[in-house]
Structures are given as structure tokens and as C-alpha cells.
There are 2 protein chains.
Amino acid sequence: MTALSAVTATPVVAVDVAVFTVLSRALHVLLVELRGGPFAGHWALPGGRVRLDESLDAAAARELAAQTGLDDIYLEQLYTFGTPGRDPASRVVSVGYVALIAHGGRFPPRPAGDKYAAVAWRPVAALPPLAYDHATVVATATSRLRAKLEYTNLAYTLLPREFTLADLQEMYEGVLGRVLDRRNFRKRILALGLLRPVGRLRRGAHRPAALYAFRHRRPMLI
Amino acid sequence: MTALSAVTATPVVAVDVAVFTVLSRALHVLLVELRGGPFAGHWALPGGRVRLDESLDAAAARELAAQTGLDDIYLEQLYTFGTPGRDPASRVVSVGYVALIAHGGRFPPRPAGDKYAAVAWRPVAALPPLAYDHATVVATATSRLRAKLEYTNLAYTLLPREFTLADLQEMYEGVLGRVLDRRNFRKRILALGLLRPVGRLRRGAHRPAALYAFRHRRPMLI
DNA sequence: CCAAAAGTGTTACAAGTACACCCATGA
DNA sequence: TCATGGGTGTACTTGTAACACTTTTGG
């Protein structure tokens, strides 16, 4: 056994990040269009190799920041995908991450350099064919996201600092993909005690709505 | 950059398996005593490197079979641990797995070859100091195991083919670490419809108990 | 005054939890 | 006959889901 074969006898370690947002009342995921490699022209999740001196979480945050410019957002390890052949070019074990961001009109940014041909939000309900096993990653991530929305406050990452209960409900409906009863939603959300009434109103075309804010803008279990 | 540094610029990929069983009404985990390396003399979870031609699940199953001789058992990916420095000798990213087996009196086997100095079941409530970050892995695995016991039928892996409801309850209490109300337990378990009455009795020192079996001996959600 | 969104309570049902007594057997 | 574990039912509490009308504003 040569030294070379000894050190190459382990798969490459990478991270893939499924970044979600809600646009037009529908859940969207951030995709990049690959410029080279075996899947050139296909869409994929942003991601890349893990460096030797960084943790997995740090690698995911770094890759995400490189694509969106955002840091300090909700980021959670999802699952690790390591079937041989998922990347036809080499054996890659990829640690999947889930992230949630408010759209805010600033995303997606232009591709940095020429690593990707394009960056775009795509609705989860109608995805293009994805490279590698990224369709599985997105499906797993969507499922996890919906489950966690039910028992955590992670929704705060998707909203501006102040919002109405209708905003919050619309966002929940976008992520969950179904409509919710307005009275039960308000009862349940307010009973959790995660929100604080701002004391001001948002005025619009019709009756003004009370503004709320999350008491804590950091991930915590309910 | 040399070819050598290029191919070594990825962490090593390994699996660690937390194998649980219930012994004397308490949850136990299978540990091995390391013979060499920076943690020689310490206890750790069994595990090892992932080969280039096998999936992560296959690697976990292979390592587990090497330690216990068992295959075709409940095995689930848990979480991936990749903090730099968790292995002082080299950068290792380890995919943690959880397994459940019935004790059956056959385990643990003698260590295979001389890779490990010893193999032993240790109670989760009183673990020795563990190598690497394996205390974290065991804590995460215990938490996952308890959560899944509540909404899956994975308990079947811990019991022989036929058992009494008292056996089943005792096992649940061992895993969960708390006592359960007998009437509510029986009501809930039977209402799930996962069990089939065998139609025979187990005779002992006192009133005989009805024997049951799982309808399906494979992992399925309730 | 009208259209549109905001805001609010009650009832019914299901699920979960607490709790005490009788039964069957071997010793 | 007694000690021991097996077996059962009911009441209460909690959570969840269904459901309709009034209020406030801008146009």
C-alpha cells in the first residue's frame, strides 16, 4: 500500500445547505446552477468541501455566507448522505444543513466569481431536476422544517422584527403548505408566550393590525 | 500544493455505533476498551473508518456485526460529529448510529483479535469517562432512543419473539428511566394494534401471564 | 356605505393521566 | 391461606379542531 492510497482511503467530506424562505405564500429553496463537472447545467444546493480546521457547522455557515452574505441565522444539521455513487466523480459524504432566512428582497445575490452560472429561489412544490441526490436532501429538509415549525420558535428567522399575526400565519401556511384556522392559530401562538405586543399598529387599506415581535430572536424550543 | 496535500485536505470519515440493550431493568450501552492510540485504556463506542465502496449505513452495520455478530437489527443514523480536535490524532468526522438489541445472554462477545482490550455493557446512568466526544454521542443517542420509543414500535428489537406485557413494560421503563402506570401502559400499547396475542400463557410463581408477539418484526412508525 | 381585513368565544371530541380493586396461581 | 404478580374501568383534565359574527378602517 502506498502512502497515497493510504491517505485517499476515506471519502471526501462536504456540506450541502438547504436555505428556505417564503415567497408569494409558498416555500422556496435556494438553488445554484452548476457550471462544470458531471452535472453541468443542473441545479443543486449550494455547498462545498469541509476544511481541515473548521467544524461542520462552521463549514455550512461559511458556504451559506458565501452565497447569501448572511450570517447569524438559524442553521441546523439535518442528515448525512453518503451513498457511494451519489457523486459520480468521486466518493463524497455530504452533511446536509437546513437554514431559514427572511426574503427581504435582497436575495439571491449574483453568483460569486464563476463557480455557479446562476442562483435562484425555486418553489419547493415545483423543483427542476436536481444534481446528485439533492432532491432527497430537499425532501428531507422540507419535512424537518415543517416538523420543527410546530414545536419551536424558528419562525422568527423568516420575519422582520415587527409583524402582524396575519403575517405570521401567512408564513406558517407557506411553510406547512396548508391553511390554518385564524382563531385557533392566534390562540395557540399567543398562549406560547413567545410574542410581545409592540403596542403600535400597522395601517393599511383596511382595519389596522396590531404589531408583534418575538421576545427572543434566537433558536429555542417551545 | 503537492498531490499528497491535495488528497489529504478532507477529514477522515468514520462511524460510531451506540448499541443499547436493557439489563437488570436499566439501559446499557456497549463499550470497548481501547488498546492503543491517544486514548489507550479509555472506553469508547465501537466504530471505525468508512470504506470507499460502502454506504454509511453499511459501514455502521459492518462495524456492529464485527462486534456483536448480529445483523438485520434496528440501526438508525443519529448525528454527525465533526468538531476539529475531537480526535487529537487526526481530523475525523464521525457519523453516529444508534442500534438496539435484545440482550439474550450472548453479548458482549470477546474482543475480535486485539483491536480492543475489552468489550462490556455499561449502564448509561453511570458511565466511565469516555474517549473522544463519545459521552456526547451517548447522550444524544439516549435522548433519540427515548423519543423514538414513544412513537415507533422499535421496542420489538429488545424482546424475544414472545413476551408478556409486564416484560414489555419493564423494558420501556428501563429505556425511559421512569416507571409507568400499568393500566395506562396496557391500554395504550394494545390500542396501537402492534401486538398479537399468542393465545398461550407463561406460567411462573404466581398468576400466569398472557403471551404476546409483535405483528411485524421490522421498524415501522406507529 | 361598502369592501376587506382584523379581531374575538364556545362547543365537541379525542387523548392522556390519575387512581383502586379483584383474580389466579404456587408455595 | 397467603403472598405475589396479572388483569381490568372510570372520572378528570388537557389539548385540539370546528365553527360565525362583529369591528375598524380606507376608498
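Throughout, protein chains are lettered first and strands after them, A, B, ... in sequence-line order, and every chain is numbered starting at 1. Keep in mind that this is a model prediction, so the values were computed, not measured. All values below were derived from every heavy atom in this structure, side-chain atoms included, with hydrogens, water molecules and symmetry-related copies excluded.
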Please, which pairs that meet side-chain hydrogen bond (donor to acceptor under 3.5 Å, both in side chains) have at least one residue in residues 186-201 of chain B, sequence neighbours excluded? B:E162-B:R200, B:N184-B:K187
OG1 on A:T142 to CZ on A:F20, rounded to 0.5 Å: 3.5 Å
Donor-acceptor pair, B:S55 side chain versus B:A58 backbone, under 3.5 Å? yes
Among pairs that include at least one residue of residues 186-209 of chain A, which meet ring pair (Phe, Tyr, Trp, His ring centres under 6.0 Å), considering only residues two or more places apart or in two chains? none
Closest contact, heavy atoms only, A:V92 versus A:A14: CG1-CB, 3.8 Å
Chain B reaches DNA chain C, atoms under 4.0 Å from its heavy atoms, from C:dT17 to C:dG26
What pair of heavy atoms forms the shortest contact from B:W121 to B:V19, and how long is it? CZ3-O, 3.4 Å
Quick check on the helix from C:dC1-D:dG27 to C:dA27-D:dT1: what's the angle between its two end axes, five base pairs per end, to the nearest 10°? 10°
A:R215 atom CZ, over 12 foreign heavy atoms within 6.0 Å: yes
So how far is it from A:L45 CG to A:L64 CG, rounded to the nearest 0.5 Å? 11.5 Å
Where along nucleotides 1-9 of chain D does protein come under 4.0 Å, by heavy atom, of base (B) or sugar-phosphate alone (S), with - for untouched nucleotides? --BBBBBBB
Those residues at least two apart in sequence (or on a different chain) that pass side-chain hydrogen bond (donor to acceptor under 3.5 Å, both in side chains) with B:E33 are none
Using a strict 4.0 Å threshold on nitrogen-to-oxygen distance, state whether A:D87 and A:R49 make a salt bridge. no
